[in-house]
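See below for the structure under consideration.
Counting starts at 1 for both ligands and their atoms, in listed order. Fair warning: this is a prediction, and the values are worked out from it, not measured in the lab.
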Amino acid sequence: GITLDVTDREVARARLQGLYDELLHVSRLADAGVMASGLVHEVAQPLTAATSAVQAAKLTAHRAADLLPRELQEGLAQACGLGEGQLARAGEILEGLRACIIPHGTVRSPEALRPLVDDACILAMVGFGRSRIEMRNAVPEGLPDVLVNAVQIRQLLFNLLRNAIQALAERGAAAAAPAVTVTAYAQDDVVTVQVADNGPGLAPEVAAQLFEPFVTTKPDGMGIGLSLCRSIVEAHGGSICAEANPGGGVAFRFTLPVAHRDEAARAKQDEDGAHGSG
Ligand code: ADP
């Protein structure tokens with residue numbers, strides 16, 4: 001009996017370590033993605049302006065053609081052409097970067113939501129084991145499966161849960177029974193998931209642009225967690241929002257697609273196909 005017990009615990013620990021490594025990997029990729037996204041945004045504007053300037057120079061050269069000696073005309077045309085070519089190349093590089101922004105993995109499969117929430121709860125509580133915070137997974141057992149990338153959804157849930165725990169731990173000491181509750185319901189083809197806490201609620205200065213990158217109230221915060229959450233939800237065709245919780249604290253809600261039976265079969269086929277082709 002004891003041997004079995006130890007083995008079980010080791011298996012559980014190894015699984016947890018695996019999940020944690022996976023999470024760190026995804027969040028590093030995501031950090032890089034958000035940096036890239038910021039860069040794309042910042043660089044796109046001057047590039048557009050430079051492109052307009054080169055076009056204006058070309059037009060001016062064309063209009064002034066009668067006034068300029070032939071070799072000057074040719075030199076100007078050549079310089080403008082070179083500028084245009086290089087600007088187009090820079091634009092292509094930016095487009096390439098844009099394509100890398102969504103965290104990796106487009107493979108989706110039908111997944112039960114409840115165990116994903118369990119995994120994310122365990123990971124999010126690392127380092128807060130001694131706090132009084134209660135984690136409640138109130139996702140109903142009979143909920144239909146969702147068609148998702150499991151790694152991304154764990155990351156999404158982890159980010160929301162971790163923010164809630166941090167808010168409760170840092171500023172929510174006043175709450176008599178600090179708690180984070182995850183609930184979900186299905187309607188038509190959509191599952192709506194809610195992550196709610198009874199902490200201090202959103203600071204007014206972040207509420208309006210909560211899901212934008214680099215918005216944070218934490219001294220060591222990057223402000224990319226929620227922007228990543230939005231990217232993940234939107235990549236799944238859903239939406240995310242945050243509201244003040246009637247009992248205090250914040251409620252984040254997002255939607256995910258229900259996995260239909262034929263989609264489950266298709267996902268299995270794809271998987272078999274992928275294995276088959278090596
Ligand atoms: P970071 O955690 O690095 O600050 P996020 O994008 O995850 O970045 O969060 C942005 C900000 O949103 C946080 O700094 C915090 O002010 C606020 N926030 C997010 N979740 C909660 C919550 N559950 N309760 C209160 N404030 C929150």
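- When side chains are defined from C-beta on, V182 counts as touching V193, because their heavy atoms get closer than 4.5 Å.
- The closest approach between P200 and ligand 1 stays at or above 4.0 Å for every heavy atom of the residue.
- Every atom of ligand 1 is numbered from 1 in the order shown, and the set under 4.0 Å from a heavy atom of A164 is 23 (N).
- In terms of modelled atom types and a separation under 3.5 Å, the side chain of N245 and the main chain of A196 share no donor-acceptor contact.
- Pairs passing the side chain to side chain donor-acceptor pair (under 3.5 Å) check and including a residue from residues 76-88, sequence neighbours excluded, read K58-E84.
- Taking 4.5 Å as the limit, every side-chain heavy atom of N149 sits out of range of all side-chain heavy atoms of I153.
- Ligand 1 is never approached by N159 to a heavy-atom distance shorter than 4.0 Å.
- For the ligand labelled ligand 1, residue G199 lies outside the 4.0 Å heavy-atom shell.
- In this structure, of L210, N245, V250, L228, the residue bringing a heavy atom nearest to atom 22 (C) of ligand 1 is V250.
- In summary, the atoms of ligand 1 found under 4.0 Å from a heavy atom of G225, numbered by their order in the structure, are 5 (P), 6 (O), 7 (O), 8 (O).
- For a threshold of 3.5 Å applied to N or O pairs, the pair formed by Q166 and ligand 1 contains no separation below that value.
- By the 4.5 Å heavy-atom criterion applied to side chains, I232 and Q155 are counted as neighbours.
- At a heavy-atom cutoff of 4.0 Å, ligand 1 is contacted by the side chain of D197 but not by its backbone.
- T255 places a side-chain N or O within 3.5 Å of a backbone atom of S239 that can act as its donor or acceptor partner.
- Each of the atoms 24 (N), 25 (C) of ligand 1 lies under 4.0 Å from some heavy atom of A167.
- Between F252 and ligand 1 there is a heavy-atom distance shorter than 4.0 Å.
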Exercise. Tell me, with the steps shown, if L226 and F252 meet side chain to side chain contact (heavy atoms under 4.5 Å, CB included).
Key: CA-CA 10 Å; L226 289 178; F252 283 87; 3.9 Å; yes
Identify each donor-acceptor pair in which a side-chain atom of residues 47-57 lies under 3.5 Å from a protein atom, sequence neighbours left out, and give them as a table.
from : atom 1 : to  : atom 2 : distance (Å)
T48  : OG1    : A44 : O      : 2.7
T51  : OG1    : L47 : O      : 2.7
S52  : OG     : T48 : O      : 3.0

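- For ligand 1 and T217, the ligand atoms under 4.0 Å from any heavy atom of the residue are 13 (C), 14 (O), 15 (C), 16 (O).
- Not a single heavy atom of A203 lies less than 4.0 angstrom from ligand 1.
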